[in-house]
Participant: 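What follows is a single structure, and I will ask about it in a moment.
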Amino acid sequence: MNMEKFRFEITHTCKQSGARTGILHTPHGSVLTPMFMPVGTLATVKFVSPEELTEIKAGVILSNTYHLWLRPGADIVKEAGGLHKFMNVERPILTDSGGFQVFSLSDTRKINEEGVTFKNHLNGDTLFLTPEKSIQIQNDLGADIIMSFDECPPYPSTYDYMKNSVERTLRWAKRGKDAHMRADDQALFGIVQGGEFEELRAMSARALVEMDFPGYSIGGTSVGETKEIMYKMIDYSIKYLPLEKPRYLMGVGSVDAILEGVLRGVDMFDCVLPTRIARHGTAMSSQGRINIRNQKYERDFTPLDPQCDCITCKNYTKAYLKHLNKCNEGLGQRLLSIHNLRYLIHLTEQARQAILEDRFLDFKNEYFKLHHLDKPNAKGF
RNA sequence: GGGGGGAUAGCGAAGUGGCUAAACGCGGUUGACUGUAAAUCAACUCUCCCUGAGUUCGGCGGUUCGAAUCCGUCUCCCCCCA
């Protein structure tokens with residue numbers, strides 16, 4: 001294992017678009033950016049083995065503080081030798097702080113200055129997560145990149161609500177940073193919030209930069225806002241962030257938003273979308289989204305995407321994948337998950353190549369045109 | 001040969017005089033899904049010129065203002081006795 005410390009290196013900036021390529025060096029290896037990071041909330045990318053993640057050239061993979069805290073418990077993961085050993089992953093791992101659960105489990109939680117009270121969805125227990133506790137759990141889990149505990153606020157939120165939330169999240173960022181005991185081998189990212197309000201995004205970003213994090217996330221996106229607003233959120237955040245630090249756009253994984261993010265200087269993306277829609281029978285492809293349940297694929301003995309190099313596309317037909325889906329066979333979910341992840345990873349590979357060749361804007365425009373994403377109100381995929 | 005039970009939409013199965021084009025499940029069709037409480041959720045699934053109309057509950061014939069529901073009869077299926 002390469003025990004290099006965390007370091008981000010920009011390798012090229014596209015002369016045509018300003019998008020950039022880079023290398024993220026971590027204690028568990030170096031990975032190229034821009035990159036898409038598969039999500040493995042419960043210490044597994046659902047249906048996909050670590051060996052398969054290697055096969056599809058995944059860079060970083062995600063896991064989750066809140067969920068691992070509940071089960072199996074940070075102590076057990078620590079005793080196993082950390083998350084990498086526990087789940088047999090040798091590549092870099094990033095853990096989210098539990099901040100997204102403040103959003104997704106909002107029906108059963110309460111926020112105060114000190115932290116967030118959750119109701120354990122497994123047994124009803126009352127749980128209290130603080131910025132310090134989140135960092136401590138993440139220290140125990142041992143990911144290469146960890147997140148500040150934030151509130152991912154809902155959209156829409158009023159300016160006043162958002163202002164209070166952003167200010168509290170900034171105080172939490174400071175508290176988390178102060179509690180971080182493994183700054184030498186775990187990079188703690190600050191998370192920019194502020195909804196669609198530029199003034200608040202600016203305040204959030206500036207204050208985090210002042211605290212000097214090794215990387216910055218853009219949060220509060222993909223929570224129901226339109227793409228146009230999401231792109232504004234990115235713009236309003238990135239313009240206040242230092243060029244030389246990595247930027248991570250949280251929770252974004254539709255192809256159009258990834259390319260728009262890269263164009264704006266985002267280096268890292270993660271999303272459950274490819275794996276979730278795969279389990280639900282939808283494949284991403286160079287022809288757009290394919291709902292494999294559709295009757296028209298019953299006798300379609302061609303691969304999902306002839307241009308794809310994944311094991312699913314090299315070995316299986318749509319008719320077979322439809323059959324597996326109809327029979328609720330796990331292999332179908334696995335093959336589709338592998339394919340969708342590979343599709344997005346391949347997309348970022350193409351993006352990197354285009355940046356290196358100073359033609360990213362052309363690449364993006366051609367891609368959008370090909371997929372009819374260039375029209376107003378186009379439905380992305 | 002005698003006795004008993006049953007036949008409801010693609011399948012299974014409720015319903016036993018009006019509120020029933022007929023619950024529910026399966027199957028089928030189509031959508032949704034963005035730092036994962038999601039192998040989940042939603043809509044539609046007799047026909048049509050579909051915010052309304054038309055034909056249905058094994059067949060035929062009755063009773064009734066009104067029948068999938070009551071009566072007669074026929075056909076088919078299942079069980080028991082001989």
Side-chain angles (χ1 to χ4, degrees), chain A residues 36-48 60-68 70-71 94-109 118-124 127 134 138 143 145-153 155 189 191-193 216-227 230 233 248-258 260-261 266 268-284 289-298 322 324-337 340 344 379-381:
Chain A
F36 176 78
M37 309 183 286
V39 181
T41 303
L42 287 165
T44 170
V45 177
K46 294 183 192 297
F47 284 95
V48 184
V60 175
I61 65 165
L62 252 72
S63 199
N64 183 278
T65 300
Y66 176 85
H67 289 287
L68 294 181
L70 267 55
R71 198 168 52 181
L94 181 157
T95 43
D96 185 31
S97 61
F100 185 71
Q101 279 62 48
V102 180
F103 167 77
S104 63
L105 304 177
S106 62
D107 290 347
T108 52
R109 58 86 178 130
F118 290 97
K119 188 171 173 137
N120 183 331
H121 64 274
L122 300 167
N123 61 17
L127 302 164
S134 172
Q138 295 186 79
I145 303 168
I146 67 178
M147 291 296 127
S148 292
F149 186 55
D150 65 333
E151 179 197 356
C152 176
Y155 179 87
F189 280 28
I191 304 177
V192 180
Q193 292 290 356
Y216 299 93
S217 303
I218 299 164
T221 48
S222 290
V223 288
E225 78 283 9
T226 63
K227 291 275 168 67
M230 182 202 290
M233 290 173 169
Y248 161 29
L249 180 58
M250 306 183 82
V252 169
S254 62
V255 295
D256 47 343
I258 287 177
E260 291 288 354
V266 174
M268 305 156 69
F269 302 84
D270 82 285
C271 199
V272 305
L273 192 67
T275 43
R276 179 177 293 167
I277 68 176
R279 271 175 278 127
H280 298 169
T282 301
M284 294 169 163
R289 278 197 193 184
I290 291 175
N291 186 338
I292 203 63
R293 289 177 309 176
N294 287 175
Q295 192 169 38
K296 60 185 170 188
Y297 301 120
E298 195 168 25
K322 172 182 162 58
L324 292 177
N325 178 279
K326 280 295 174 189
C327 299
N328 199 23
E329 283 292 340
L331 179 61
Q333 291 162 301
R334 194 175 131 220
L335 292 173
L336 242 52
S337 295
N340 281 352
L344 289 186
K379 194 167 156 297
F381 80 99

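We name chains A, B, ... by the order of the sequence lines, and we start the count at 1 in each one.
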Participant: Is a side-chain donor or acceptor of A:D270 paired with a backbone partner of A:M37 at a separation under 3.5 angstrom?
Facilitator: no
Participant: Checking contacts here: which listed nucleotide (B:G35, B:U34, B:U36) is nearest the side-chain heavy atoms of A:Q101?
Facilitator: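 In terms of side-chain proximity for A:Q101, the closest of B:G35, B:U34, B:U36 is B:U36.
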Participant: Base, sugar-phosphate alone, or nothing: which one does A:K296 contact when heavy atoms must sit under 4.0 Å apart?
Facilitator: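 No contact.
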Participant: Measuring only the P atom in each nucleotide, how far is B:C78 from B:A13? A whole number of Å is fine.
Facilitator: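 Roughly 15 Å separates the two P atoms.
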Participant: Using whole Å, report how far CG of A:L344 lies from P of B:G35.
Facilitator: 12 Å
Participant: Measuring only the C1' atom in each nucleotide, how far is B:C71 from B:G17? A whole number of Å is fine.
Facilitator: 13 Å
Participant: Could you tell me how far apart A:L70 (CG) and B:A37 (P) are, to the nearest whole angstrom?
Facilitator: 11 Å
Participant: Among B:A37, B:U36, B:U40, find the nucleotide with the atom closest to the side chain of A:R293.
Facilitator: B:U40
Participant: State the pairing partner of B:C70; accept Watson-Crick or G-U wobble contacts with both distances under 3.5 Å, and report none otherwise.
Facilitator: B:G62
Participant: If we take the P atom in both B:G3 and B:U16, what is their distance in whole Å?
Facilitator: 29 Å
Participant: Quick one: label A:L42 by what it contacts on the DNA or RNA (base, sugar-phosphate, nothing), any heavy atom closer than 4.0 Å.
Facilitator: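 A:L42: no heavy atom of the nucleic acid under 4.0 Å.
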Participant: Would you say A:T65's side chain and A:D96's backbone share a donor-acceptor pair under 3.5 angstrom?
Facilitator: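 Flag set: sc A:T65 to bb A:D96 pair under 3.5 Å.
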Participant: Taking the side chain of A:K46 as heavy atoms from C-beta outward, which of B:U36, B:U29, B:G35 is closest to it?
Facilitator: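 The nucleotide sitting nearest to the side chain is B:U36.
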Participant: Do A:Q193 side-chain atoms and A:P153 backbone N/O form a donor-acceptor pair below 3.5 Å?
Facilitator: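 No; judged by distance alone, with no hydrogens or angles, the pair does not exist.
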Participant: Using modelled atom types only, decide if a donor and an acceptor are shared between the side chain of A:S222 and the backbone of A:G251 within a distance under 3.5 Å.
Facilitator: yes
Participant: Give a yes/no on whether any side-chain N or O of A:N291 is located under 4.0 angstrom from OP1 or OP2 of B:G31.
Facilitator: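 Checking B:G31 against A:N291, a side-chain N or O does come within under 4.0 Å of OP1 or OP2.
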Participant: Does the structure show a Watson-Crick or G-U wobble partner for B:C41, both distances under 3.5 Å? Name it, or say none.
Facilitator: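 For B:C41, the partner nucleotide comes out as B:G31, under the 3.5 Å rule.
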Participant: Without decimals, in angstroms, what is the distance between A:D107 CG and B:A38 P?
Facilitator: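 Result: 14 Å.
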Participant: Expressed in whole Å, how much space separates the C1' atoms belonging to B:C80 and B:U29?
Facilitator: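 Rounded to whole Å, the distance is 46 Å.
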Participant: For nucleotides B:G27 and B:G62, find the distance between their C1' atoms and express it as a whole number of Å.
Facilitator: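 About 39 Å, rounded to a whole number of Å.
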Participant: Give A:Q193 one of three labels, base, sugar-phosphate or nothing, depending on what nucleic acid heavy atoms sit under 4.0 Å from its own.
Facilitator: base
Participant: Taking only the side-chain heavy atoms of A:C271 (C-beta and beyond), determine which of B:G31, B:G35, B:A39 contains the nearest atom.
Facilitator: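 Of the options given, the side chain of A:C271 lies nearest B:G35.
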Participant: Check every strand shown and say whether A:S217 touches a base, only sugar-phosphate, or nothing at a heavy-atom separation below 4.0 Å.
Facilitator: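 The residue A:S217 makes no contact with any strand.
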Participant: Can you tell me if A:S337 and A:Q333 form a side-chain donor-acceptor pair at under 3.5 Å?
Facilitator: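 Side chains of A:S337 and A:Q333: no pair found under 3.5 Å.
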Participant: Rounded to the nearest angstrom, tell me the gap between atom NE2 in A:H121 and atom C1' in B:U40.
Facilitator: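 Atom NE2 in A:H121 sits about 15 Å away from atom C1' in B:U40.
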Participant: Let me know the distance between CE of A:M37 and C1' of B:U34, rounded to the nearest Å.
Facilitator: 13 Å
Participant: Check this for me: does the side-chain of A:T221 come within 3.5 Å of the base of B:U34 through a donor and an acceptor?
Facilitator: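 Check fails, no donor-acceptor contact within cut-off.
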Participant: Give a yes or no on whether the backbone of A:V102 and the side-chain of A:E151 come within a donor-acceptor separation of less than 3.5 Å.
Facilitator: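 No, the answer is negative, given that no donor and acceptor are paired below the 3.5 Å cut-off.
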Participant: Less than 5.5 Å between centroids and less than 30° between ring planes, does A:H280 satisfy that with B:U40?
Facilitator: yes
Participant: Using whole Å, report how far CD1 of A:I292 lies from P of B:C33.
Facilitator: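 Taking atom P of B:C33 as the reference, CD1 of A:I292 is at 18 Å.
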Participant: In whole angstrom, give the distance that lies between atom CE of A:M284 and atom P of B:A32.
Facilitator: 13 Å
Participant: Choosing from B:U36, B:U29, B:G35, which nucleotide comes nearest the side chain of A:K322?
Facilitator: B:U29
Participant: The side chain of A:R279 lies closest to which of these nucleotides: B:A38, B:U34, B:G31?
Facilitator: B:A38
Participant: Take the protein atom CG of A:L273 and the nucleotide atom P of B:U36, then report the distance between them rounded to whole Å.
Facilitator: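 Spelled out: CG on A:L273 to P on B:U36 is 13 Å.
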Participant: Can a donor-acceptor pair be found, under 3.5 Å and without considering hydrogens, that links the side chain of A:N294 to the backbone of A:K296?
Facilitator: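 Absent.
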Participant: Is the phosphate of B:U36, meaning OP1 or OP2, less than 4.0 Å from a side-chain N or O of A:T41?
Facilitator: yes
Participant: Using a 4.0 Å heavy-atom cut-off across all strands, classify A:G253 as base, sugar-phosphate, or nothing.
Facilitator: base
Participant: What is the nucleic acid contact for A:L62, judged by heavy atoms within less than 4.0 Å: base, sugar-phosphate only, or nothing?
Facilitator: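 Counting heavy atoms under 4.0 Å across all strands, the contact made by A:L62 is with sugar-phosphate only.
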Participant: Between A:M250 and A:N294, which has a closest nucleotide on RNA chain B that is more 5'?
Facilitator: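 Checking each residue's closest nucleotide, the 5'-ward one belongs to A:N294.
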Participant: Which nucleotide, B:U30, B:G31, B:U36, lies nearest any side-chain atom of A:Q295?
Facilitator: B:U30
Participant: Between the side-chain atoms of A:R289 and the base atoms of B:G31, is any donor-acceptor pair under 3.5 Å?
Facilitator: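 No pair found.
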Participant: Would the base of B:G35 count as contacting A:D150 through its side chain, where contact means a donor and an acceptor less than 3.5 Å apart?
Facilitator: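 Side chain to base: pair found, below 3.5 Å.
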Participant: Nearest to the side chain of A:V39 - B:A39, B:U36, B:A37?
Facilitator: B:U36
Participant: With rounding to the closest Å, how many angstrom separate the C1' atoms on B:G12 and B:U47?
Facilitator: 24 Å
Participant: Whether the side chain of A:S148 engages the backbone of A:F189 through a donor-acceptor N/O pair (distance < 3.5 Å, no angle test) should be reported.
Facilitator: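 At least one qualifying donor-acceptor pair exists.
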Participant: Which part of the nucleic acid, if any, lies within reach of A:G261 when heavy atoms closer than 4.0 Å are counted: base, sugar-phosphate only, or nothing?
Facilitator: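 It contacts nothing in the nucleic acid.
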